[in-house]
Participant: 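This is the structure, below, for whatever I ask next.
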Amino acid sequence: MSKLVRTFQDLVGDANVLTKEMDTAYYRSGFRYGFGGATAVIFPSTLVELWKVLQAAVDADCAIIMQATKTGLTGGSSPSGFDYDREVVIVNTGRLRGLRLLRNGTQALAFPGTTLFELGQELKKIDRVPHSVLGSTTIGATVIGGVANNAGGALCKRGSSYTEFALYARVNEEGTLELIDHLGIRNLGETPEEILTRLENGDFTDADLIDDGRAASDTDYVNRIRDLDASVPNRYNADPKRLYEVSGSAGKVACFAVRVDTFAVPKKKQVFILGTNDPDHFVTMRRHILGTFEHLPEMGEYMNRATFTAAEKYAKDVALAIKYLGTDRLPRAYALKAKAEYLLNKIPLLPKYLPDIFLYYASKLFPQHLPKRLRQYRDDYEHLLILVTADEAIEEARRYLEDDWGRTEGVEFFECSEREQEAALLHRFSAAGAGIRYQNLHQRTTQEVLALDIALLSNDPEWVEELPEELTRDMVLNLSYGHYMCHVFHNIYVYRKEADLERIKTLMLERLEARGAKFPAEHNVGHLYEAEPVVKDFHRKLDPTNTFNPGIGKTSKRRR
C-alpha cells in the first residue's frame, strides 16, 4: 500500500478509499464516453474531510478529478487514458448531500453531492421548482455538476445552470490550495475548517445572506431566446458571459457549495404532441411562438422518427427503471452494472457490455410502455414535438394550435392525458441512451457512437441535416433530438466498422462551424471536444498549475 493511499484512508476511513481495479472501474469510466487510470477513488463524508483530502492530493502533486454522480456525457468527470504525468486521484463527492432552502425557498444552498432530484423533492413541499430541469435529473445529476458544466436542460425560460454565489477551492500560481468564499454568507469564520464546519452545521440565518448585485441564475435567458436573428446561438458552453468562477469551470476547481435561485411551480401544466413531415412547419411555429407569445412554453422537445423508434426498442429498460425503481436507486444500480461489465469483459469470447444486452432482452418481457396515440404519431410523422405549457401559456398555445398552426395541411396535434404526458417526457429523456444500446447490440459490425451536442443559430434553416453521401454511405443509425425552442440538438450517429470516424467527425464539425453553430452546446467539452480559446483561457486562470481535471478540452495533461 502506498503512503498516499494510507494518508487518504487515515482521513476518510479504509472503506471510503477504493484502489482495486474492479472496484474503481465504474468511477474511472464516463457515463457514455471515456475511461482511464487512477490510483484511488476517495469518498469524503464531510466538507472538512473534502478539504483535507484535496490538501493531501495537492501536497502529493496529484492530478485531481472531481466527480459526483457521473452523469456527464463527454467524459469530463472521469480520467481519459493512462498517459498522465503524475498519479491521478478521483474525489467522489456523492456522500456530501447537504441541502438548505433560503429565504422561504426562493433560493437554495446545495453541497457537492446534492442532486437536482433531491432539490426538486424538497422544493415540491413549498410549491417551487429548481433552476433547471435536465434529462439527467432522473439519473442523479447534481446541482453543482450542472453549474460547473453550464448544463442547459430543457427549459425555455431559464437557460443554463448558472450562479455567481459559490464556495470553492483552487490551486493558485504558487501551487497552494486556497479556499475562495464568494458564497455571500457573513460570519462563517476565517479559516477553511471554520468556514466549512459552520456551513455544514447550518450556523447562519437568512440575515447573514449578502445581496450585492450578483446573479444566482441565468436571468437574461428569456430575452436571448426571443432574439430570432442573433449572430450567436442562444446558449453554448463557450459563451464568455456565462463563464464565472464555478459556473462553466468543468472541474477545474473543487466546489463546496453554491447558492441558486428557485422558481414558483406552475399551477397547471398541459402537454401537446405535434407532428409533421415537413420541418418548415415547425420553423413557422417556433418563430411565431418566440416572436409573438406573451407567455413562453416551459419546454419544446424535438425527436425525429428514428429517435422515437430507437428509444422505444433500445431504451425501454431505462424508462421502466426510472418509473418503477425511482431515481434514488439508479446511481447504485449503474455502479453495480459497471462492476459486472468490468468482470465479464475480462472473460474471452463473451461479448462486451453483456449486462446491457441482458437488460435489452429482459425489457422485451414487459408489455408495451408507450400509449397508442404516441406510437400512432410516430408512424404518421417523421418529426415530433413535445410542447409543454403552463398556466397562461396553455390557452395561448391552444388558441394558436387550434386556430392557426393546426389548420395547416400536413400537420396535426393533440393534447396529452396525464398518462400520455408522463410517458412522452420519460420517453424523450430515456432516448439519450438508445444509440449506445444499439451499438452495444451491434458491436461486431459498428463503431463507437459519434454523439454531437450542437447549438445552432436561431435562424438556421438547416436544423434538419441534409448530409452529403460521403457522410451517410457507412451510416447505419441517425438519431436527432433536442430542445427545439433553444435550437440545441443532440445528434447521434452509428457507423459501420470500416468507416473513418475521425474524418467523419471533423467534416461534420466543419460543416456546422461554417453555419455559425457552436459545440458543445450544454454538455461541456469533457475529453470529446476541443475547447475554444476563451474557455481555455478561463480554465487556465482558474487552475494555473493544471492540477484539476487536466486534459479536458483536448488540452495538455501535464503539470502547469
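What's counted below: heavy atoms across the whole structure, side chains too, no hydrogens, waters or symmetry copies.
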Participant: Step by step, work out the salt bridge (charged side-chain N to carboxylate O under 4.0 Å, His left out) result for E502 and K505.
Facilitator: CA-CA 5 Å; E502 279 303 312; K505 178 183 175 183; 5.5 Å; no
Participant: For E462, does its backbone N or O pair with a side-chain atom of D460 as donor and acceptor, under 3.5 Å?
Facilitator: yes
Participant: Run the side-chain contact (heavy atoms from CB on, under 4.5 Å) check on I492 and L477 step by step: do they pass?
Facilitator: CA-CA 8 Å; I492 310 296; L477 192 67; 5.7 Å; no
Participant: Please find the pair of heavy atoms, one from P355 and one from L344, that lie closest to each other, and give the distance.
Facilitator: CD-CD1, 3.9 Å
Participant: Could you pull out the closest heavy-atom pair between N237 and L243, with the gap in Å?
Facilitator: O-CD2, 3.5 Å
Participant: Donor-acceptor pair, distance only, cut-off 3.5 Å: does the side chain of Q270 make one with the backbone of C416?
Facilitator: yes
Participant: Kindly say whether H442 contributes a backbone atom to a donor-acceptor pair with the side chain of T446 at under 3.5 angstrom?
Facilitator: yes
Participant: Say whether, by atom type as modelled, one donor and one acceptor occur between the side chain of R28 and the main chain of V41 under 3.5 angstrom.
Facilitator: no
Participant: Hey, does I225 have a side-chain heavy atom less than 4.5 Å from the side chain of L290?
Facilitator: yes
Participant: Using the six-membered ring wherever Trp is involved, compare the ring planes of Y484 and F489 and label them parallel, tilted or perpendicular (cut-offs 30° and 60°).
Facilitator: perpendicular
Participant: Does the pair L479 and Y438 meet the rule for a side-chain contact (heavy atoms from CB on, under 4.5 Å), with working shown?
Facilitator: CA-CA 11 Å; L479 309 183; Y438 175 92; over 6 Å; no
Participant: Pair Q67, N92 - check side chain to side chain donor-acceptor pair (under 3.5 Å), show working.
Facilitator: CA-CA 5 Å; Q67 182 185 90; N92 186 289; 2.9 Å; yes
Participant: Does any N or O in the side chain of Y481 come within less than 3.5 Å of the main-chain N or O of F429, such that one atom is a donor and the other an acceptor?
Facilitator: no
Participant: Does the Q439 side chain pair with the main chain of Q447, one donor and one acceptor, at a distance under 3.5 Å?
Facilitator: yes
Participant: Taking atom NZ as the centre, does K269 end up with more than 12 heavy-atom neighbours from other residues, nucleotides or ligands that are less than 6.0 angstrom away?
Facilitator: no
Participant: Between the main-chain N or O of Q443 and the side-chain N or O of K497, is there a donor-acceptor pair closer than 3.5 Å?
Facilitator: yes
Participant: Check whether F117 forms a cation-pi arrangement with K124 (NZ or CZ under 6.0 Å from the six-membered ring centre, at most 45° off the ring normal).
Facilitator: no
Participant: Apply side-chain contact (heavy atoms from CB on, under 4.5 Å) to residues Y529 and D453 and explain how you reach the verdict.
Facilitator: CA-CA 10 Å; Y529 296 91; D453 168 34; 3.5 Å; yes
Participant: Is there a ring-ring contact (aromatic ring centres under 6.0 Å, His included) between F414 and Y377 once you walk through the steps?
Facilitator: CA-CA 10 Å; F414 71 86; Y377 263 51; 4.9 Å; yes
Participant: Can we call the ring centroids of Y27 and F43 under 6.0 Å apart?
Facilitator: yes
Participant: May I have the step-by-step check of side chain to side chain donor-acceptor pair (under 3.5 Å) for S458 and R286, ending in yes or no?
Facilitator: CA-CA 10 Å; S458 192; R286 177 177 176 272; 2.9 Å; yes
Participant: Under the 6.0 Å and 45° cation-pi test, does R158 pair with F263?
Facilitator: yes
Participant: Yes or no on salt bridge (charged side-chain N to carboxylate O under 4.0 Å, His left out) for R511 and E465, after CA distance, side-chain angles and deciding distance?
Facilitator: CA-CA 10 Å; R511 283 170 51 84; E465 286 187 308; 5.6 Å; no
Participant: Please name the residue in the list L385, L384, V488 that meets the side-chain contact (heavy atoms from CB on, under 4.5 Å) test with Y302.
Facilitator: L385
Participant: For E448, is the CD atom crowded, meaning more than 12 foreign heavy atoms sit under 6.0 Å from it?
Facilitator: no
Participant: Taking the ring centre of each residue, are Y162 and Y221 less than 6.0 Å apart?
Facilitator: no
Participant: Give a yes or no on whether a salt bridge exists between D317 and R437, defined as a side-chain N under 4.0 angstrom from a carboxylate O.
Facilitator: yes
Participant: For the side chain of E122 and the backbone of L119, is there at least one donor-acceptor N/O pair under 3.5 Å apart?
Facilitator: no
Participant: State, yes or no, whether a side-chain contact exists between Y400 and M285 at a heavy-atom distance under 4.5 Å.
Facilitator: yes
Participant: Taking L370's backbone N and O only, do any of them form a donor-acceptor pair with R375's side chain (distance below 3.5 Å, no angle check)?
Facilitator: yes
Participant: Decide yes or no on side chain to side chain donor-acceptor pair (under 3.5 Å) for T262 and R128, but give the supporting numbers first.
Facilitator: CA-CA 7 Å; T262 71; R128 295 189 72 82; 2.8 Å; yes
Participant: For E418, is the CD atom crowded, meaning more than 12 foreign heavy atoms sit under 6.0 Å from it?
Facilitator: no
Participant: Just to verify, which of N304, T309, T307 counts as forming a side-chain contact (heavy atoms from CB on, under 4.5 Å) with R378?
Facilitator: T309
Participant: Is a side-chain N or O of K518 found less than 3.5 angstrom from the main chain of Y236, in a donor-acceptor match?
Facilitator: no
Participant: Report the relative orientation of the aromatic rings in H483 and H490; use parallel for angles under 30°, tilted for 30 to 60°, perpendicular for over 60°.
Facilitator: perpendicular
